[in-house]
Amino acid sequence: MSADPGSIRADGHQALPNLAVKDASADPHIITAAARTGTDIELRIHTSIAPFDVAAEQWFPAATGFDVAAEQWFPAATGFAVTVIVHTVDAQTSAPRYLPPAEAAEWARAIFSTVDNAHGYFLGAVDPDTGSHRRGQLAYRLYLDTDRQAIPVPRQVVTCPHYQLSAIDGRAEITIPTTA
C-alpha cells in the first residue's frame, strides 16, 4: 500500500522530543502510532538520550591493509547519542510484526530533524548497545556534540554497523506532522 506522507501523526499528547533543548530529558520518550503502511500494525517509538565521553584512540591503517606508514588517531569526543528504536507490533497481541523500514525511518528522521535532518544512522534490527539481532525492531542513532550539533559517529562508540540514512534513502525527505 502506498503511504500518504501527510498521514503520519503523533497525537498532541505524544509530541516529538525536541533534541535541540539543552536540558532535554534523558528519560526515554515514547510515541505510539498506527502504521500507515500495514494492517493492524502499531509502531512503538522509543527515543533515549545518553551522554558519551570517549578518549582519542590510536588506529594503525597498515594493520588493516591500507598502505599508510604512519599511525592515525580517532579524535576524542564528548556529547550525546540519541537512539530511536521503532518496535513494529501487532496492534491486538503486541507480537512482533514485519513492516518495511521506510515508515520507521521517517519517524527517526522526524525526531532527528529537531536538531539536524541531514545526519543520522540506521543500525538495523539490532540492540544498539550490543549489536545483537532483535526481532521486531529497527534502531537509529544520531550523535550530538555538547552544543547539540550533529556530528559524525565517533568510532570509539560503534558496537554495530552504522549506515548513513542519507546514503540508504535517496528520495526526498518526508515531513511528519506532529500535531493533528
Side-chain angles (χ1 to χ4, degrees), residues 1-3 5 8 10 14 16-17 19 24 26-52 54 57 59 64-65 74 77 79-91 93-145 148-176:
M1 167 187 331
S2 174
I8 292 183
Q14 297 188 110
L16 297 179
L19 304 176
D27 295 334
H29 186 92
I30 300 171
I31 297 172
T32 302
R36 306 177 289 139
T37 55
T39 305
D40 297 324
I41 297 177
E42 185 174 85
L43 296 162
R44 296 182 184 159
I45 304 142
H46 298 247
T47 303
S48 61
I49 302 171
F52 65 84
V54 293
E57 183 176 289
W59 179 55
T64 60
F74 292 114
F80 304 92
V82 179
T83 304
V84 175
I85 297 177
V86 180
H87 297 272
T88 55
V89 299
D90 185 278
T93 66
S94 295
R97 291 271 307 268
Y98 173 77
L99 184 68
E103 188 171 349
E106 291 172 14
W107 281 100
R109 286 176 191 274
I111 292 167
F112 295 162
S113 73
T114 63
V115 289
D116 185 313
N117 62 0
H119 290 85
Y121 298 91
F122 173 62
L123 308 182
V126 299
D127 176 322
D129 296 320
T130 66
S132 60
H133 177 75
R134 294 288 178 149
R135 184 172 174 250
Q137 79 175 32
L138 296 171
Y140 302 85
R141 278 242 168 107
L142 177 69
Y143 295 90
L144 305 173
D145 65 14
R148 299 292 173 127
Q149 301 296 311
I151 60 173
V153 58
R155 171 64 186 100
Q156 303 90 312
V157 300
V158 173
T159 57
C160 61
H162 283 52
Y163 305 95
Q164 288 184 330
L165 281 171
S166 59
I168 64 173
D169 188 333
R171 61 193 171 95
E173 296 290 329
I174 296 175
T175 302
I176 298 177

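Between Trp107 and Ala33, the closest heavy-atom pair is CZ2-CB, 4.0 Å. Here the closest heavy-atom approach between residue Pro17 and residue His29 is recorded as CD-CD2, 3.4 Å. In this structure, His46 and His87 approach most closely via the heavy-atom pair CD2-CD2, 3.4 Å. Heavy-atom minimum distance, Cys160 versus Pro128: SG-O, 4.3 Å. Across Gly120 and Leu142, no two heavy atoms sit closer than the pair N-CD1, 3.8 Å. Among all heavy-atom pairs drawn from Arg44 and Ser94, the shortest one is NH2-OG, 2.9 Å.
In the model, Arg97 has no side-chain atom that pairs as donor or acceptor with a side-chain atom of Thr88 under 3.5 Å.
When side chains are defined from C-beta on, Ile41 does not count as touching Tyr98, because their heavy atoms never get closer than 4.5 Å. Between Phe112 and Val82 there is a side-chain heavy-atom pair separated by less than 4.5 Å.
To the nearest 0.5 angstrom, Ile30 atom CD1 is 10.5 Å from Ile85 atom CD1.
The aromatic rings of Phe122 and Tyr140 lie tilted to each other, with the angle between the two planes from 30° to 60°.
A donor-acceptor pair under 3.5 Å is formed between the side chain of Thr114 and the backbone N or O of Leu19. No donor-acceptor distance shorter than 3.5 angstrom exists from the side chain of Gln149 to the backbone of Leu144, with no hydrogens or angles considered. No donor-acceptor pair under 3.5 Å is formed between the side chain of Thr130 and the backbone N or O of Thr159. Side-chain N or O atoms of His133 include one that pairs as donor or acceptor with a backbone N or O of Ala125 at under 3.5 Å. Distance alone, capped at 3.5 Å, places no donor-acceptor pair between the Arg141 side chain and the His162 backbone.
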Practice task
Apply the test side chain to side chain contact (heavy atoms under 4.5 Å, CB included) to residues Phe80 and Arg148: give CA-CA distance (whole Å), side-chain angles for both, the deciding distance (0.1 Å), then the verdict.
Solution key: CA-CA 8 Å; Phe80 304 92; Arg148 299 292 173 127; 3.7 Å; yes
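Among Val89, Leu99, Thr32, the one residue that satisfies the side chain to side chain contact (heavy atoms under 4.5 Å, CB included) test with Leu43 is Leu99.
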